[in-house]
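All values below were derived from every heavy atom in this structure, side-chain atoms included, with hydrogens, water molecules and symmetry-related copies excluded. Note that the structure is a prediction, hence the values are computed from the model and not measured. Quick note on labels: first sequence line is chain A, next is B, and so on, each numbered from 1.
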Amino acid sequence: DARVTQTPRHKVTEMGQEVTMRCQPILGHNTVFWYRQTMMQGLELLAYFRNRAPLDDSGMPKDRFSAEMPDATLATLKIQPSEPRDSAVYFCASGEGPIYGYTFGSGTRLTVV
Amino acid sequence: GENVEQHPSTLSVQEGDSAVIKCTYSDSASNYFPWYKQELGKRPQLIIDIRSNVGEKKDQRIAVTLNKTAKHFSLHITETQPEDSAVYFCAGAGYSTLTFGKGTMLLVSP
């Protein structure tokens, strides 16, 4: 089974530190999403790329978050500086585009203390 | 942008009963509606989906219906089993969006 690979699986960091999360989409998938999941807010869309170009990052706090796809095999989500309210599970998902199913990675559980 | 409402937030059924989860969406441009199942501590997994040119789709004990005029779609699980217990998310997708509902926690009691 093809998988979306996310690293790290868990991250504990101190407030103010930079955090970088990585995602390797399934080979051939041209669409990549970043979501943040919390109990209170559910699955929130942070960023959306198609063919490596950002289509929507309106849900992302621009002052501290950034998302990039330096190449077709790597998507990154960076938080600088991190805050305790950023504690959540961050999921990456990839797919072949609209009207096709999207596959989620196993997520990165981030704890900011 | 798209807004997806999902009901109920929790649903408890006895094993063998049916379960129905309902979602509404706001963007008439949405044309793809996937459903995901998420077990505790795991990633969401796609269980069934439906496209806007289809009114109903079935896969064993799971079925999904879509009413484009009313902008609502539903997940039906028949003959529920304890292993169906999980959080279920509906979503609406168009060219540049994939928006999730808040989720339904389904509890199936033996």
Side-chain angles (χ1 to χ4, degrees), chain A residues 1-7 9-10 21 23-26 29-60 88-111, chain B residues 1-10 21 23 25-54 57 59 62 64 66 68 73 75 86-105:
Chain A
D1 259 355
R3 290 175 178 262
V4 175
T5 303
Q6 286 188 247
T7 56
R9 290 294 307 276
H10 303 274
M21 291 170 269
C23 168
Q24 181 178 359
I26 292 173
H29 283 187
N30 65 358
T31 304
V32 174
F33 294 94
W34 281 104
Y35 286 92
R36 174 170 62 184
Q37 186 174 39
T38 60
M39 288 295 292
M40 296 300 295
Q41 298 298 325
L43 282 161
E44 297 176 273
L45 178 65
L46 296 175
Y48 176 11
F49 292 83
R50 177 163 300 125
N51 297 321
R52 297 175 54 202
L55 286 189
D56 184 1
D57 61 1
S58 58
M60 195 165 65
V89 180
Y90 291 80
F91 285 105
C92 172
S94 75
E96 295 178 64
I99 78 168
Y100 295 101
Y102 296 101
T103 302
F104 278 76
S106 297
T108 293
R109 181 174 295 276
L110 174 65
T111 302
Chain B
E2 175 66 280
N3 182 45
V4 176
E5 300 281 343
Q6 182 172 349
H7 301 280
S9 56
T10 59
I21 302 170
C23 290
Y25 63 98
S26 62
D27 189 351
S28 56
S30 291
N31 57 7
Y32 173 65
F33 305 92
W35 287 86
Y36 285 82
K37 175 183 180 181
Q38 187 178 28
E39 296 175 342
L40 188 63
K42 298 197 174 177
R43 63 189 175 101
Q45 291 195 284
L46 179 68
I47 56 171
I48 194 167
D49 55 16
I50 191 166
R51 293 172 177 76
S52 59
N53 59 343
V54 175
K57 183 177 178 180
D59 182 4
I62 295 174
V64 59
L66 171 65
K68 282 218 74 176
F73 56 113
L75 178 71
V87 178
Y88 291 80
F89 292 94
C90 63
Y95 179 77
S96 60
T97 185
L98 176 63
T99 303
F100 285 87
K102 294 293 188 186
T104 296
M105 180 176 291

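Side-chain atoms of A:Y48 do not come within 3.5 Å of backbone N or O of B:L98 as any donor-acceptor pair. Looking at A:Y102, its side chain never comes within 3.5 Å of a backbone N or O of B:L46 through a donor-acceptor pair.
To the nearest 0.5 Å, atoms CD (B:E2) and CG (A:L45) are separated by 12.0 Å. In this structure, A:Q37 CD and B:F89 CZ are separated by 5.0 Å, a value rounded to the nearest 0.5 Å.
Contacts of B:Q6 with chain A are absent, with no heavy-atom separation under 4.5 Å from either backbone or side chain. B:P44 touches chain A through backbone and side chain together, each having a heavy atom under 4.5 Å away. In this structure, chain B has a heavy atom under 4.5 Å from the side chain of A:Y35, while its backbone stays farther away. Looking at A:E44, there are no atoms closer than 4.5 Å to chain B (heavy atoms on both sides), in backbone or side chain.
In terms of the side-chain contact (heavy atoms from CB on, under 4.5 Å) criterion, residue partners of B:P8 (sequence neighbours excluded) are, by chain and number, B:L11, B:T104. Residues passing the side-chain contact (heavy atoms from CB on, under 4.5 Å) test with B:K42, sequence neighbours excluded: B:E39.
Considering only heavy-atom pairs separated by less than 4.5 Å from chain B, the leading option among A:G107, A:G101, A:G42, A:S58 is A:G101.
Counting non-hydrogen atoms of other residues, nucleotides and ligands closer than 6.0 Å to CZ of A:R109 gives a total of 12 or fewer.
Between A:F91 and B:Q38 the shortest heavy-atom distance is CZ-NE2, 3.6 Å.
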